[in-house]
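Atoms within a ligand are numbered from 1 in the order they appear, just like the ligands themselves.
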Amino acid sequence: MEQERTEIQDLGEFGLIDYLTRNIEIQNASTVLGVGDDAAVIDHFGKQTVISTDMLVEGIHFDLMYTPLKHLGYKSVVVNLSDIYAMNATPTQITISIAFSNRFSLEALNEFYEGVYAACEKYGVDLVGGDTSNSQKGFIISVTAIGEVTPDQFVKRSTAQKGDLLCVTGDLGAAYLGLTLLEREKKIYLESPDVKPDLEGQTYIIGRQLKPEARKDIIEFLQQEEIIPTAMMDVSDGLSSEILHIAKQSNLGVVLYEEKIPIAQESKEIAMKFGLDPTACALSGGEDYELLFTMKQQDYDKIVLNEQISVIGYMADISEGAHILTKGGNKFKLVAQGWNAFKQ
Ligand code: ADP
Ligand code: MG
């Protein structure tokens, strides 16, 4: 069956915007005015407003050869919401700006927006605006997320205290392994297009790469347990680099235990198959979008039964530096390699 292809030119810019935004139903009382005017209007009713923005560029941040547009739309929103949750805030609105070449049809943009709206619905945020432009080559996406927080309950990176527990949610390294797998399959495909991709049994790591989730559940859990983390951020660049951000900005040292780093069984198996060290994937792989936070030791009893939260170390005096204690009993200086270090 041939796929339909509607040229964007047939609609024009305003027709396109109308088409892409025709079904919006406002979900938040704070959304006073959404799409359709010169600007959106938001009333956070005495709360503080949190804003974060991100840009995604084809060929740099995503590869359309193995990224379905719907997943891309979903992920573009989720990675921004993750930044809002990382401030201990609740996202309420997003704006989304896109630039695309004439390679993109209405059907393609529609698929992308299906993912955008799926994320809006899941996380309860309103799409209240954006901008639409042409690009000479490639697809460029910019998302701004807006959220609310009870006055002065936002959580920074710089306020961890000596002796605080260092915690991380979910498991780490899988998104990087998913990317490695997809890149490998792409290479094989380009060399011999007839070979069927071997993605059997690897849905977990691929899902973690293509369709990440933001930890709304954890922010709700912390609120319910009346825990305000002393510092927090999301894990987008790899655990070691994020831990060093909290330590440096809080003027502290840190001790991390390798054996405590949560890594899924599926990730361990795939890492072995690729000849990669699972711990290295967690430390330096990126895009897990888990939350890394510090909290007072007194709060430990409140989180101990939550399987989604692992205590992986503690904050120390700055004179102790930043170290990882390995399973073999060695002590190494923690370095931020970022996921680039793994790129072959
Ligand atoms: P202006 O010329 O005042 O910037 P636009 O014509 O760019 O207005 O946009 C009209 C309305 O449509 C605005 O509310 C804007 O936020 C919204 N909008 C534009 N592009 C998009 C998009 N890609 N997705 C969602 N909303 C959009
Ligand atoms: Mg505009």
Value for CD (Glu242) from CE (Met232), rounded to nearest 0.5 Å, stands at 13.5 Å

Does [X] reach ligand 1 with a nitrogen or oxygen that is under 3.5 Å from one of the ligand's nitrogen or oxygen atoms?
X      : value
Ser97  : no
Gly130 : yes
Gly36  : yes
Thr21  : no

Looking only at heavy atoms, is any part of [X] under 4.0 Å from ligand 1, and if so is it the side chain, the backbone, or both, or is it neither?
X      : answer
Leu20  : neither
Val35  : both
Thr132 : both

Report, in ascending order of atom number, the atoms of ligand 1 lying under 4.0 Å from any heavy atom of [X].
X      : value
Phe14  : 6 (O)
Asp38  : 3 (O)
Asp131 : 7 (O), 19 (C), 20 (N), 21 (C), 23 (N)
Ile96  : 22 (C), 23 (N), 24 (N)

On a heavy-atom basis, the closest approach of Gln161 and Asp164 is N-OD2, 2.7 Å

In short, Gly173 meets Asp288 closest at the heavy-atom pair N-OD2, 2.9 Å

How are the rings of Phe139 and Phe104 set relative to one another: parallel (under 30°), tilted (30 to 60°) or perpendicular (over 60°)? tilted

**Asked** Do other residues, nucleotides or ligands put more than 12 heavy atoms under 6.0 Å from the CG atom of Asn102?
**Response** no

